[in-house]
Amino acid sequence: MDQNWESVGWSKDNSHNRTANGKPAPKVANSQGAKQVRELDDATEAQKIEKVSLKMSKLIQQARQAKKWTQKDLAGKVQEKPQTINEYESGKAVPKGPVIQKLQRVLGVTLKQKK
């Protein structure tokens, strides 16, 4: 059995991980949130962040309470996270088409989408 004793060198050259100004390059994730952050960074002017209308958020909340469900109960029935339901009811997030359809079916109400 023969051992190889040749030296191995390590380089501290990590220029491929740096931007032109020498700062570390940001790590890019493949998630939806990272995509939105990237779009905001690339935008040249301020954009309005889309939110749920107060009417829709109150309608979701009132329909849920009429059935005496918690946010966790509703989340389980529409296969979403309880935090997501909370964000819909507080107006911080906008439900997409399929989620709106699930909410309408489960709650028995009509939720109007912005066109």
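- Checked against side chain to side chain donor-acceptor pair (under 3.5 Å), Thr70 has the following partners two or more places apart in sequence or in another chain: Asp73.
- Contact record, Pro95 with Val99: CB-CG1, 4.0 Å, taken as the closest heavy-atom pair.
- Contact between Met56 and Ile100 at its shortest, heavy atoms only, is CE-CD1, 4.3 Å.
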With a 3.5 Å cut-off and sequence neighbours excluded, list the donor-acceptor pairs that the side chains of residues 61-69 form with protein atoms.
residue	atom	partner	partner atom	Å
Arg64	NE	Glu89	OE2	2.6
Arg64	NH1	Trp69	O	2.8
Arg64	NH2	Glu89	OE1	3.0

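- Screening residues 74-85 for salt bridge (charged side-chain N to carboxylate O under 4.0 Å, His left out), with sequence neighbours left out, gives no hits.
- Between Leu74 and Val106 the shortest side-chain heavy-atom distance falls below 4.5 Å.
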Should Tyr88 and Leu103 be marked as a side-chain contact (heavy atoms from CB on, under 4.5 Å) after you check the CA-CA gap, both sets of side-chain angles, and the distance that decides it?
-> CA-CA 11 Å; Tyr88 294 159; Leu103 288 169; 4.2 Å; yes

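- Taking each heavy atom of Gly91 and Ser57 in turn, the nearest pair found is N-CB, 4.2 Å.
- Considering only heavy atoms from C-beta on, Leu107 stays 4.5 Å or farther from Val78 through its side chain.
- We find the CD1-CD distance between Ile60 and Gln71 to be 10.5 Å, quoted to the nearest 0.5 Å.
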